[in-house]
Amino acid sequence: MNSEAARISELAASGERMVERLRHQSILPETRKTLTVTWGIAEVAQFLGCSTNRIRQAETDGRLPPAPDGRRQGYSIDQVLNMREVLDASPRRGPNDRPAIIAVQNFKGGVGKSTVTTHLAHSLAVTGYRVLVVDCDSQATTTTLFGFNPHFNVSREETLYPYLSIDPTQADLLYAVQKTPWPNVDIIPSNLELFDVEYELAAQGADGNSVLVTRFRKLKAGLQDLARNYDVVLLDPPPALGTISLAVMQAANALLVPLAATTPDFCSTVQFLSMMEQVIGQLELGNIEVNFDFVRLICSKFNSGDPSHEMVRQIMEQTFGPALLPVPIFESAEISHAAMRMMTVYELDKPIGAPKTHKRCRTNLDEALGQVEQLIRSSWGRVSPASPQEIIHEAV
């Protein structure tokens with residue numbers, strides 16, 4: 001190994017050790033991340049769209065477990081999900097509704113793609129949906145935010161690689177699904193070795209096109225098969241135009257494009273959309289269909305106190321019109337602090353910074369990500385969430 005390669009190898013090894021140290025600071029060594037966040041009865045009632053009295057009544061009449069010693073210190077996600085079942089307040093898709101398979105994609109790095117993906121997954125989980133997250137990016141940021149160390153906790157055999165490789169060893173994707181601390185959120189993790197798929201397909205030379213077509217259709221078929229057990233599947237592809245990104249685009253039935261409120265990000269996103277148009281045209285020439293129920297852009301990392309951000313956002317509104325979701329995701333120290341702990345804001349059992357900052361951040365995330373939920377429901381023919389009267393049966 002030459003001196004430069006050895007130097008880079010040393011840096012990589014040092015970085016991997018530091019990632020593991022950070023993980024051990026956030027999570028007990030040799031264990032998986034756990035979920036300790038709980039919600040008060042008023043917040044749970046808001047989740048379910050009912051009154052607190054209705055929850056208390058269900059606890060009194062035995063439909064729900066009674067509060068220990070009559071005191072309600074907080075409800076866990078398992079208890080909230082049980083409440084949804086008991087009170088018939090589940091937002092799950094109907095038997096004739098196809099699962100939403102959403103690609104969260106932009107070829108520009110640093111736009112918060114993985115942050116949007118993980119927060120959206122947890123936002124939907126709190127709301128009661130069954131979610132599968134598929135990390136298709138060999139950088140594995142989403143995998144890390146879910147508490148896995150891609151260098152030490154994830155092998156190549158646990159990623160998409162055995163399914164998409166030139167010599168596949170798996171016929172479906174069930175092998176790769178792993179549990180997360182959220183009982184209604186699963187993940188297919190990633191690590192650096194997933195990039196080998198790109199090398200393998202590129203090495204096919206003249207026969208590459210036929211191999212690519214096969215892999216595109218295979219990923220779509222595998223995800224559609226898995227999606228039968230979920231309401232929403234979130235795909236986090238690489239921030240580049242490669243084989244896996246193209247396969248993800250073809251497998252998805254919806255597209256969410258995060259972009260930051262800066263001129264370079266805006267220009268890069270315009271280029272991404274232009275490239276997408278050309279790529280979709282080429283795929284369709286090869287009889288590979290790309291159909292999206294919705295295509296939306298969401299402004300991420302928005303600083304309302306920065307005049308340049310406001311100016312760029314106005315340009316976005318003029319350019320993209322209704323395709324730009326009206327509520328941006330604010331840039332918040334609470335999101336950054338949570339990420340340092342390999343968490344999302346939805347997993348925090350207490351504010352890291354000022355309580356006011358946490359509340360503002362959480363309220364914004366609920367509203368911004370709720371826009372995506374509305375789009376999902378619209379694709380199921382449910383334009384708006386059901387009213388409490390529609391989803392909560394009156395006690396007989």
Side-chain angles (χ1 to χ4, degrees), residues 1 5 8-9 12 16 101 103-105 107 109 113-114 117 132-144 148-178 186-228 233-253 255 275-276 278-291:
M1 183 181 294
I8 292 172
S9 176
E16 290 170 4
I101 303 178
V104 184
Q105 176 65 304
F107 293 162
K113 181 170 59 68
S114 296
T117 301
L132 173 66
V133 177
V134 185
D135 194 350
C136 311
D137 185 357
S138 58
Q139 295 180 78
T141 304
T142 294
T143 296
T144 301
F148 298 87
N149 186 323
H151 305 290
F152 295 99
N153 307 133
V154 181
S155 69
R156 184 166 71 173
E157 286 67 36
E158 295 172 303
T159 71
L160 291 173
Y161 178 84
Y163 183 74
L164 292 179
S165 67
I166 294 300
D167 297 310
T169 57
Q170 297 288 346
D172 59 50
L173 288 169
L174 283 172
Y175 74 92
V177 177
Q178 298 201 33
D186 294 335
I187 186 173
I188 294 180
S190 178
N191 68 9
L192 187 60
E193 292 179 287
L194 179 60
F195 195 74
D196 289 348
V197 170
E198 303 278 1
Y199 282 124
E200 289 182 6
L201 293 175
Q204 290 302 296
D207 294 330
N209 288 335
S210 61
V211 173
L212 289 178
V213 169
T214 301
R215 289 302 175 273
F216 290 168
R217 290 176 176 154
K218 185 176 183 181
L219 180 60
K220 182 173 185 176
L223 289 173
Q224 287 179 334
D225 184 52
L226 270 187
R228 290 181 296 178
V233 178
L234 300 177
L235 309 177
D236 185 9
L241 182 59
T243 303
I244 294 177
S245 292
L246 293 177
V248 167
M249 291 296 102
Q250 195 264 338
N253 58 34
L255 177 63
M275 193 177 302
M276 278 294 299
Q278 297 173 28
V279 168
I280 290 174
Q282 290 297 315
L283 291 175
E284 290 177 344
L285 288 175
N287 295 319
I288 300 175
E289 293 185 358
V290 178
N291 294 306

Would you say that Leu192 contacts Pro150 through its side chain, given a criterion of any heavy-atom pair below 4.5 Å between the two side chains? no
Would a 4.5 Å heavy-atom cut-off, applied to side chains only, mark Thr159 and Glu193 as touching? no
Between Ser165 and Pro162, what is the shortest heavy-atom contact and its length? OG-O, 4.1 Å
Quick check: does any side chain N or O of Thr243 sit under 3.5 Å from a backbone N or O of Glu198, one acting as donor and the other as acceptor? no
Test side chain to side chain contact (heavy atoms under 4.5 Å, CB included) on Gln250 and Leu246; report intermediate values, then the result. CA-CA 6 Å; Gln250 195 264 338; Leu246 293 177; over 6 Å; no
Spacing of Gln224 atom CD and Ile101 atom CD1 [to the nearest 0.5 Å]: 5.5 Å
Return the set of residues passing ring pair (Phe, Tyr, Trp, His ring centres under 6.0 Å) with Phe107 (not counting sequence neighbours), or none when no residue passes. Phe272
Quick one: side chain to side chain donor-acceptor pair (under 3.5 Å) partners of Asp236, sequence neighbours excluded? Lys113, Ser114, Thr142
Taking the side chain as everything from C-beta on, heavy atoms only, tell me whether Asp225 gets closer than 4.5 Å to Leu173. no
If you look at every heavy atom in Pro238 and Ser245, which pair is closest and at what distance? O-OG, 3.1 Å
On a heavy-atom basis, which atom in Phe148 and which in Ile187 lie closest, and how many Å separate them? CE1-CG2, 3.8 Å
Taking every non-hydrogen atom, the tightest pair across Ile166 and Glu200: N-OE1, 2.9 Å
Heavy atoms of Pro189 and Ala176 approach each other most closely as CD-O, 3.5 Å
Distance (rounded to the nearest 0.5 Å) between Tyr175 OH and Ile188 CD1: 7.0 Å
Minimum heavy-atom distance between Ala251 and Leu223, given as atom pair plus value: CB-CD1, 3.8 Å
N/O donor to acceptor pairs below 3.5 angstrom from side-chain atoms of residues 132-140, sequence neighbours left out:
| residue | atom | partner | partner atom | Å |
| --- | --- | --- | --- | --- |
| Asp135 | OD1 | Asp137 | N | 3.1 |
| Asp135 | OD2 | Thr143 | N | 3.0 |
| Asp135 | OD2 | Thr143 | OG1 | 2.7 |
| Asp137 | OD1 | Gln139 | N | 3.0 |

Only residue of Leu174, Val233, Asp186 satisfying side-chain contact (heavy atoms from CB on, under 4.5 Å) with Leu226 is Leu174
Distance-only, no hydrogens or angles: does the Glu158 side chain make a donor-acceptor pair with backbone N or O of Ser155 under 3.5 Å? yes
Distance in Å, Tyr163 OH paired with Leu219 CG, rounded so as to fall on 0.5 Å steps: 7.0 Å
OH-CD1 distance between Tyr161 and Ile244, expressed to the nearest 0.5 angstrom: 11.0 Å
Flag side-chain contact, heavy atom, 4.5 Å: Leu255 against Met249: yes
